[in-house]
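Have a look at the structure below, then the notes.
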Amino acid sequence: MQIGLVGLGKMGGNMRERLRNAGHTVVGYDTDPEKSDVASLADLVNELEAPRTVWVMVPAGDPTQHVIDRLADLLKPYDTVVDGGNSRWTDDEKHAEELSKRGIGFVDAGVSGGVWGLKNGYALMVGGEKETVDRLRPIFDALKPEGPYGFVHAGRVGAGHFAKMVHNGIEYAMMQAYAEGWELLEAVDSVDNVREVFRSWQEGTVIRSWLLDLAVNALDEDEHLEGLRGYAQDSGEGRWTVEAAIDNSVPLPAITASLFSRFASRQDDSPQMKMIAALRNQFGGHAVESAKKA
């Protein structure tokens with residue numbers, strides 16, 4: 001299958017490679033000419049055969065809106081745009097309506113997998129019309145992990161990004177729990193090998209997980225996380241999850257507390273946030289801030 005891919009950063013570049021490894025033809029465009037296969041969005045569209053599919057992997061908000069506005073002018077009826085970034089689900093509804101006036105289809109795809117997706121595959125949460133989603137299944141099947149799991153048609157437009165938003169809210173709370181446990185272990189004199197305690201939990205316990213494995217990786221690199229500043233950024237989905245919970249009268253105490261803990265990390269050097277920062281770097285390649293040396 002043939003597809004255009006806009007945005008060839010850490011995830012988009014790896015997705016292009018994974019799709020090509022599966023035998024698909026990918027025409028990639030990025031503002032960095034060294035990464036790009038073509039010189040412009042117009043060239044990308046011209047390289048594709050109708051009906052075209054263009055997957056957008058750029059930051060949410062204005063960058064995504066700019067790309068979709070440009071594609072709306074370049075694409076033709078029966079073409080399709082897939083937004084695979086971290087857009088808010090309400091933006092999906094607006095984009096779908098705008099594109100439908102021109103006969104262009106729209107699918108939103110929440111994508112999880114970070115920098116490990118090339119090797120392990122990407123979990124995909126998709127929203128859109130069934131006919132359009134079914135037509136794109138070869139692409140989704142190539143990106144998802146091998147086996148029966150890792151893909152869901154979550155519902156109508158917006159459902160994919162809403163599901164990914166909730167996924168990220170849960171991720172916030174899980175990371176916070178590991179971070180709090182790590183800080184408590186580090187605080188007592190009786191435990192003198194916190195890293196190996198974490199490692200011992202990797203098998204046979206109810207809290208074993210990929211995040212726990214990544215925590216051990218981070219501790220192997222810096223046993224007491226002394227090289228990190230206790231500062232953790234939030235990328236938006238945690239806030240949106242809490243806002244959606246308020247709108248729907250759903251109590252989310254753990255997820256809300258984990259979001260507020262990130263806010264607290266910006267006031268003081270928080271030990272817990274060193275672990276959160278380390279985990280975000282491990283699974284997503286997110287930037288970390290080095291500890292300031294006295």
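Because the structure is predicted, anything quoted here is derived from the model rather than measured.
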| task | Please confirm whether the backbone N or O of Leu143 pairs with a side-chain atom of Arg18, one donor and one acceptor, at under 3.5 Å? | result | yes

| Within a reach of under 6.0 Å around CZ of Arg156, are more than 12 heavy atoms found that belong to other residues, nucleotides or ligands? | no

| said: For a 4.5 angstrom cut-off between non-hydrogen side-chain atoms, does Glu237 reach Glu171? | reply: no

| Taking a hydrophobic cluster as the set of Ile, Leu, Val, Met, Phe, Trp and Tyr residues connected by side-chain heavy atoms closer than 4.5 Å, whether directly or through intermediates, do Val58 and Met11 fall within one such cluster? | no

| field | Worked check of side-chain contact (heavy atoms from CB on, under 4.5 Å) between Arg239 and Phe263 | value | CA-CA 11 Å; Arg239 300 184 189 214; Phe263 296 162; 3.6 Å; yes

| request: Give the intermediate values and the outcome of side chain to side chain donor-acceptor pair (under 3.5 Å) for residues Asp69 and Gln65. | output: CA-CA 6 Å; Asp69 287 345; Gln65 184 68 59; 2.8 Å; yes

| message | Under a 4.0 Å threshold between the charged nitrogen and the carboxylate oxygen, would Arg135 count as salt-bridged to Glu131? | response | no

| query | Any side-chain heavy-atom pair from Arg52 and Leu75 closer than 4.5 angstrom? | reply | yes

| note | Residues Arg102 and Pro77: closest non-hydrogen pair is O-CG, 3.6 Å

| field | Non-hydrogen side-chain atoms of Lys274 and Glu183 separated by less than 4.5 Å | value | no

| query | Distance-only, no hydrogens or angles: does the Thr241 side chain make a donor-acceptor pair with backbone N or O of Met165 under 3.5 Å? | reply | yes

| task | Kindly indicate whether the side chain of Met175, heavy atoms from C-beta on, has any atom under 4.5 Å from the side chain of Arg262. | result | yes

| request: I would like to know whether Ser209 and Tyr178 meet side chain to side chain donor-acceptor pair (under 3.5 Å); could you show each step before the answer? | output: CA-CA 11 Å; Ser209 72; Tyr178 284 127; 2.8 Å; yes

| request: Quick one: closest heavy-atom pair of Ala159 and Asp108, and the distance? | output: N-OD2, 3.7 Å

Determine all donor-acceptor pairs shorter than 3.5 Å in which one atom belongs to a side chain in residues 117-130; sequence neighbours excluded.
{"from": "Tyr122", "atom 1": "OH", "to": "Leu118", "atom 2": "N", "distance (Å)": "3.4"}
{"from": "Lys130", "atom 1": "NZ", "to": "Asp134", "atom 2": "OD2", "distance (Å)": "2.6"}

| query | Counting N and O atoms only, with roles assigned by atom type, does the side chain of Ser36 sit under 3.5 Å from a partner on the main chain of Asp32, one being a donor and the other an acceptor? | reply | no

| request: Using a 4.5 Å cut-off on heavy atoms from C-beta on, say whether the side chain of Leu211 contacts that of Gln282. | output: no

| Any chain of hydrophobic side-chain contacts (each under 4.5 Å) joining Val191 to Leu225? | yes

| field | Least distance between heavy atoms, Gly9 atom then Asp30 atom | value | N-OD2, 4.1 Å

| query | Would a hydrophobic clustering, with Ile, Leu, Val, Met, Phe, Trp and Tyr connected at side-chain separations under 4.5 Å, put Leu279 with Ile170? | reply | yes

| request: Kindly write out the residues that satisfy side chain to side chain contact (heavy atoms under 4.5 Å, CB included) with Gln202, not counting sequence neighbours, or none if the list is empty. | output: Arg199, Leu212, Asp213, Val216

| Do Val111 and Trp55 come within less than 4.5 Å of each other through their side chains, counting heavy atoms only? | yes

| query | Have Asp91 and Ser87 got a donor and an acceptor in their side chains that come within less than 3.5 Å? | reply | no

| query | Hey, what do you get for CG (Leu8) to CD (Glu17), rounding to the nearest 0.5 Å? | reply | 11.5 Å

| request: Say whether, by atom type as modelled, one donor and one acceptor occur between the side chain of Arg195 and the main chain of His224 under 3.5 angstrom. | output: no

| note | Between Asp222 and Leu228 the two heavy atoms that sit nearest each other are OD2-N, 4.2 Å

| field | Ser200 side-chain N/O to Val197 backbone N/O, donor-acceptor pair under 3.5 Å | value | yes

| said: Using 0.5 Å steps for rounding, measure from the OG1 atom of Thr90 to the CG atom of Asp92. | reply: 7.5 Å

| task | Identify the two heavy atoms, one from Ala154 and one from Ala163, that lie closest to each other, and give their separation to 0.1 Å. | result | CB-CB, 4.5 Å

| said: Could you check whether any side-chain N or O of Lys35 sits under 3.5 Å from a backbone N or O of Gly13, counting only pairs where one atom can act as donor and the other as acceptor? | reply: no

| message | Assess, by modelled atom type and distance only, whether the side chains of Lys164 and Asn168 contain a donor and an acceptor separated by less than 3.5 Å. | response | yes

| Can you check whether Phe140 reaches Val133 side chain to side chain, under 4.5 Å on heavy atoms? | yes

| message | Nearest 0.5 angstrom please: Glu49 CD to Met1 CE, how far? | response | 11.5 Å

| note | Rounding to 0.5 Å, atoms CG (Leu41) and CG (Asn46) come to a distance of 11.0 Å

| Just checking, Arg137 and Phe151: is the charged tip under 6.0 Å from the six-membered ring centre and within 45° of the axis? | yes

| Going from OG1 on Thr80 to CZ on Phe106, what distance comes out if it is rounded to the nearest 0.5 angstrom? | 10.5 Å

| query | Is it true that a side-chain atom of His153 and a backbone atom of Gly155 form a donor plus acceptor pair closer than 3.5 Å? | reply | yes

| Residue Asn21 excluded, over 12 heavy atoms near CG under 6.0 Å | yes

| remark: For Gly28 and Arg16, the nearest pair of non-hydrogen atoms, with its separation, is CA-NH1, 4.5 Å

| task | Could you label the plane-to-plane angle of the Trp210 and Trp116 rings as parallel, tilted or perpendicular, counting under 30° as parallel and over 60° as perpendicular? | result | perpendicular

| message | For Asp37, is there an ion pair with Arg20 - N to carboxylate O distance below 4.0 angstrom? | response | yes

| field | Value rounded to 0.5 Å, distance of CH2 in Trp182 from CD1 in Ile276 | value | 10.5 Å

| message | In terms of relative ring orientation, are Trp89 and Phe162 parallel, tilted or perpendicular, with 30° and 60° separating the classes? | response | perpendicular

| said: Quick check: is Leu19 connected to Val56 through a chain of hydrophobic side chains (ILVMFWY, heavy atoms under 4.5 Å apart)? | reply: no

| task | Give the cluster check for Val27 versus Ile3: same hydrophobic cluster or not, with ILVMFWY residues linked at side-chain heavy-atom distances below 4.5 Å. | result | no

| query | Within the side chain of Thr256, is there an N or O that forms a donor-acceptor pair under 3.5 Å with the backbone of Pro253? | reply | no

| Given side chains that start at C-beta, do those of Leu219 and Met275 come closer than 4.5 Å, heavy atoms only? | yes

